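Worksheet for the structure shown next.
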2 protein chains.
Amino acid sequence: MIDRHIAKLRARDELSSQEEDAIRAAVAEVRIYEPDLTVIRRAEQLTHSTLLLDGFMCRYKDLSDGQRQISELHVSGDFVDLHSFTLKYLDHDIMTLTPCRVALVPHEKLQEITEQHPHLARLYWFLTNIDAAVHREWELSLGRRSAVARIAHLFCELQVRLCIVGMADDRGFELPLTQAELAECSGLTAVHVNRSLKALREDGLVEFRRSRVELRSLEKLRMLAEFDPMYLYVDRRRR
Amino acid sequence: MIDRHIAKLRARDELSSQEEDAIRAAVAEVRIYEPDLTVIRRAEQLTHSTLLLDGFMCRYKDLSDGQRQISELHVSGDFVDLHSFTLKYLDHDIMTLTPCRVALVPHEKLQEITEQHPHLARLYWFLTNIDAAVHREWELSLGRRSAVARIAHLFCELQVRLCIVGMADDRGFELPLTQAELAECSGLTAVHVNRSLKALREDGLVEFRRSRVELRSLEKLRMLAEFDPMYLYVDRRRR
DNA sequence: CGTGCCCTTGAGTACAATCAACGTTCGTGG
DNA sequence: CCACGAACGTTGATTGTACTCAAGGGCACG
């Protein structure tokens, strides 16, 4: 059930079977959510963290005029609010983008895990630090990359992250988002995302149609985006 | 010596004297750095974390054409690379913006602290999560706020963070950065930062001259920026 | 088979970038 | 003490990327 989460961890470090058991034992409940549902609200007191099993979710903030900025996309296997374990409440909202299946992990269980498995504690701390690394890369995109490069970079990132959980390969992956949602990720308008996708398509780099990203030339796409996956820390080493 | 760091922690949680002692005992060495010096390089293996005692530093990434994006500013009392404890190497560079005095804390000491002081371990985990919260707020600025609002928001953030360590009040604070460096924070060009500062000055909100931010109307500035300090988690509660 | 959501395209606009020149400040050395 | 130079700041003119507004098309679902 939480195999994709285990795969995400094992892509970064070794995990003993005891540690794996401890994680599996921490799941209290499984829930199904509708698409377009704000599951966690800013400033709300939280007593558990949410592990995304299936579907796509995101973190976002918005301004008073309704403009929205998505700060990270979540895929299967991601803890969408592991940081709530230490923060107790979040500075942002979290919503589903598609129908989702999630597992709830009470903070008490996380507390037990971190006390009884110090290595696992560091590993989870490490996971929240990867989130921060993703935020930094997005800051670079939002601040300095062109519209086309922002979208290219986003596709490159998702390709690597989805590969880890067996949901992408070199040819492409499912991505059930609208162009408006891509715009909210990339700090653009939906219209401009549409034009940028057209440019990427016409240059033979990537096609985005019917909820699927078709990679025509992953190498050229990475070059255009100046994508270097090192910020995702996909290397097995002792953490 | 590390009083500002202690103040930063105490603004978020209670700290026992044993915990304080453990932190003080962790400092191995104090160093002085020149301004404009890249102290930590991307991908470099790290064995200690750097605590900023005095001065201003920043995290940044740049693109091949030389464009740079600063992803966070660091002030006195900040651990500039606490995340290197779990990451082992960073995805970004860290440089000084002014002359700086720093304390080095070996990762072994951090390991001891986290093993012997579980509460302190969570508190340091929490600190890295605040960094991520700052990154998210900057993503919102970079993606959705206007040029003027980005700069206004940056000043508001720094005012709160510097207040915590006693280096700002309601009237202003020292900020020894160039307009070009503000541009690298806000995803703008130096020329446009200059024009935006002029607009802020002429509207009577804030003046930035000779390394100092003079707050003419903090309330209006916060309104313009839609600044809400909650993302900085300045509330004392059990972490 | 209509209705609504999403995608696409065009025309006009605006905000920020670029290019360029000039002003100011400050440190340094004659 | 003043002259010079470099770095930083300021302003104007022009360009360009992305936004806005608007209309039409495709597709899925009831």
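Remember, it's a predicted structure, so these values are computed and weren't measured experimentally. Convention: sequence-line order gives letters A, B, ...; per-chain numbering from 1.
- A donor-acceptor contact under 3.5 angstrom links the side chains of A/His135 and A/Arg59, judged on distance only.
- For B/Phe85, the ring-ring contact (aromatic ring centres under 6.0 Å, His included) partners are A/Trp125, B/His107, not counting sequence neighbours.
- Contacts classified as salt bridge (Lys or Arg N to Asp or Glu O under 4.0 Å) and involving residues 222-234 of chain A (residues at least two apart or in different chains) are given here: A/Asp228-B/Arg42.
- The salt bridge (Lys or Arg N to Asp or Glu O under 4.0 Å) pairs that include a residue from residues 29-40 of chain B are B/Glu29-B/Arg31, where partners are two or more places apart or lie in different chains.
- Residues A/His92 and A/Tyr60 place their aromatic rings such that the two centres sit no closer than 6.0 Å.
- In terms of the ring-ring contact (aromatic ring centres under 6.0 Å, His included) criterion, B/His74 has no residue partners (sequence neighbours excluded).
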Next item on the list: Would you mind building the protein contact string for nucleotides 18-26 of chain D? One character per nucleotide, 5' to 3', B for base within reach (heavy atoms under 4.0 Å), S for sugar-phosphate only, - for untouched.
Entry: BSBB-----
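- A donor-acceptor pair is defined here as one N or O able to donate and one able to accept, closer than 3.5 Å; no such pair exists between the side chain of B/Arg216 and the backbone of B/Arg201.
- No donor-acceptor pair closer than 3.5 Å links the side chain of A/Glu137 to the backbone N or O of A/Val134.
- Residue pairs meeting the salt bridge (Lys or Arg N to Asp or Glu O under 4.0 Å) criterion with at least one member in residues 171-194 of chain A, sequence neighbours excluded: A/Asp169-A/Arg171, A/Glu174-A/Arg212.
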What protein N or O atoms touch nucleotides 7-9 of chain D N or O atoms at under 3.5 angstrom, if any, and at what distances?
unit_1	atom_1	unit_2	atom_2	d
D/dG9	OP2	B/Gln179	N	2.9

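- For the ring-ring contact (aromatic ring centres under 6.0 Å, His included) test, residues two or more places apart in sequence or in another chain that qualify with B/Tyr233 are A/Tyr89.
- D/dT11 atom C1' lies 7 Å from atom NZ of B/Lys198, rounded to whole Å.
- Comparing the start and finish of the helix from C/dC1-D/dG30 to C/dG30-D/dC1, five pairs each, the helix axis swings through 30°, to the nearest 10 degrees.
- Not counting sequence neighbours, the partners of B/Phe227 by the ring-ring contact (aromatic ring centres under 6.0 Å, His included) test are B/His153.
- Under the side chain to side chain contact (heavy atoms under 4.5 Å, CB included) criterion, B/Val191 pairs with B/Thr189, B/Arg195, sequence neighbours left out.
- A nucleotide of DNA chain C counts as in contact with chain B when one of its atoms lies under 4.0 Å from a heavy atom; the first and last such, 5' to 3', are C/dA16 to C/dC26.
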